[in-house]
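Here's the structure, in structure tokens; my notes come after.
All ligand and atom numbering here is 1-based and tracks the order in the structure. Remember, predicted model here, so these are calculated numbers, not experimental data.
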Amino acid sequence: MNPHLDQATPQPLITLYSEGHHQHHGQAELKDGQLVPCFEKPARADMILAQLREAHLGAIKTPEEVYPEVQSHWQQTLAKVHSQDYIDFLANAWREWSAAGHQHDMLPLAWPPRRTTSIRIPDSLDGRLGYYSFDAGAPINAGTWPAITDTVQVAIAAAELLHRQQSHVFALTRPPGHHAGRDYMGGYCYFNNAAVAAQHLLDRGAQRIALLDVDFHHGNGTQDIFYARDDVLFQSIHGDPRACYPGFTGYADETGEGPGKGFNQNYPLLPGSDWSEWSQALALSIIKINHYAADALVLSLGVDTFEGDPISHFKLKSEDYIKMGQRIAEANIPVVVIMEGGYAVEEIGLNTRNLLIGLMTPPQES
Ligand code: Q9C
Ligand code: ZN
């Protein structure tokens, strides 16, 4: 028996968190043709935090506590995964909107269809709002910019901590990020927190980063950002795009392009899939990660694979997240966990806590 694995008690896990996310709370989203209250809301992160505290998983720290320089560095890192014009749009959007006398959330109304003669960036705010989004699922209000810039710093500080201590870290990011592409928002996402964390690790000297996305929805934004790159192996396990949101990407034959050919891998699963199907895709993805010999793993963690999720269609149970964490720990590389989706608010804390407990206590070797 390996004496290092003869350890049933979990090691402390440091969580990065910032209060700023509370400022972002959208009013409404479209579901089945109706405007309904946003599923993506501040209580999600509050519930996770409460469970982490109850489980005594480890210290909860702010980005500045672990990485004071983050305040002067985050914009540089952000500009490596998002275009500057998109960042500037988000920085100014609410000011322009409120100056025009509007008080409700910003939501886009028009997008360029196929065969648009030439797509240029409109001058009008409504035009730019459509240009920089792929759906109407990412409302902007007064608190959006403070929240998304806060949470990008949470992701960077978590990556910095992983770089320093070479052990797992949890970034309690909100709003989520994996639907945000290089120059577009959508699906509750604005800045791609996981992509920013991966970029920071590369900037700190990592050669190869594995980015595994286990959210129910395809990580279309992350795929977009890294599609032509070979320094990030992107893999996503998600609802089949023939049936599930966002629905235009996530097919198994999307494998990367140019230097990135072979470094993108999708595992679409049918709605209704449970742990037995889901864990087979996970096993395949872990083999890929091992083969790639990644220096670190960025885990885009959505717990909307849960059977009780109100907008998703997998059938994972709360106990399954412990096994998920254990299997991921078997990749035997440091993991920075970035929070993505999960909308069963009553269970989001337990499911996240279970994943983290599994990650910290892999099964004993015998
Ligand atoms: N009837 C994340 O989990 N609405 N985003 C889908 C399907 C958008 C999910 C509606 C779901 C976005 C990060
Ligand atoms: Zn999701």
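When hydrogens are left out, the protein atom nearest atom 5 (N) of ligand 1 is G187 O, 3.1 Å; that is the closest non-hydrogen contact. The nearest heavy-atom contact from the protein to atom 1 (N) of ligand 1 is D32 OD1, 4.6 Å. From the protein, the heavy atom lying nearest to atom 7 (C) of ligand 1 is Y245 CB, 4.3 Å.
At least one heavy atom of Y343 sits under 4.0 Å from some atom of ligand 1. Assignment of K31 to the shell around ligand 1 is not supported, since no heavy atom sits closer than 4.0 Å. Not a single heavy atom of E340 sits under 4.0 Å from any atom of ligand 1.
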Requested in this report: Give the C-alpha distance, both sets of side-chain angles, the deciding distance and a yes or no for side-chain hydrogen bond (donor to acceptor under 3.5 Å, both in side chains) between Y188 and E29.
Outcome: CA-CA 10 Å; Y188 317 154; E29 70 173 85; 2.9 Å; yes

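D215 contributes atom OD1 as its closest N/O/S atom to the Zn ion (ligand 2). For D304, the N, O or S atom closest to the Zn ion (ligand 2) goes by the atom name OD2. In terms of distance to the Zn ion (ligand 2), the nearest N, O or S atom of H217 is named ND1.
When each of K80, Q76, H163 is paired with D203, the side chain to side chain donor-acceptor pair (under 3.5 Å) condition holds for K80 and for no other.
When atom types are taken as modelled, the side chain of H178 and the backbone of S300 share no donor-acceptor pair closer than 3.5 angstrom. The closest donor-acceptor contact from the side chain of E64 to the backbone of Q71 lies at 3.5 Å or more, if one exists at all. With hydrogens and angles disregarded, a donor-acceptor distance shorter than 3.5 Å links the side chain of H168 to the backbone of V335.
The environment of CG in D88 is crowded: more than 12 heavy-atom neighbours from other residues, nucleotides or ligands sit within 6.0 Å. For R164, the CZ atom sits in a packed shell: over 12 heavy atoms of surrounding residues, nucleotides or ligands are nearer than 6.0 Å.
Between D304 and ligand 1, an N or O atom pair is found at a separation short of 3.5 Å. Among the atoms of C189, none of the N or O lies under 3.5 angstrom from an N or O of ligand 1. Taking any N or O of H178, backbone or side chain, none lies under 3.5 Å from an N or O belonging to ligand 1. At a 3.5 angstrom cut-off on N or O pairs, H179 counts as close to ligand 1.
Not a single protein heavy atom sits closer than 4.0 Å to atom 10 (C) of ligand 1. Distance check on atom 3 (O) of ligand 1: some protein heavy atom falls below the 4.0 Å cut-off.
With sequence neighbours excluded, no residue forms a side-chain hydrogen bond (donor to acceptor under 3.5 Å, both in side chains) with N193.
Only the side chain of D215 comes within contact range of ligand 1, with a heavy atom under 4.0 Å; no backbone atom does.
The residues K317 and D320 are annotated as not salt-bridged, no charged nitrogen and carboxylate oxygen being separated by less than 4.0 angstrom. A salt bridge between E319 and K323 is absent, with no side-chain N of the basic residue lying under 4.0 Å from a carboxylate O of the acidic one.
Within the 4.5 Å cutoff, the side chain of T352 has heavy atoms near those of the F170 side chain.
Under a 4.0 Å criterion applied to the non-hydrogen atoms of G341, ligand 1 contributes the atoms 3 (O). Close approach of ligand 1 to P176 (heavy-atom distance below 4.0 Å) involves ligand atoms 13 (C).
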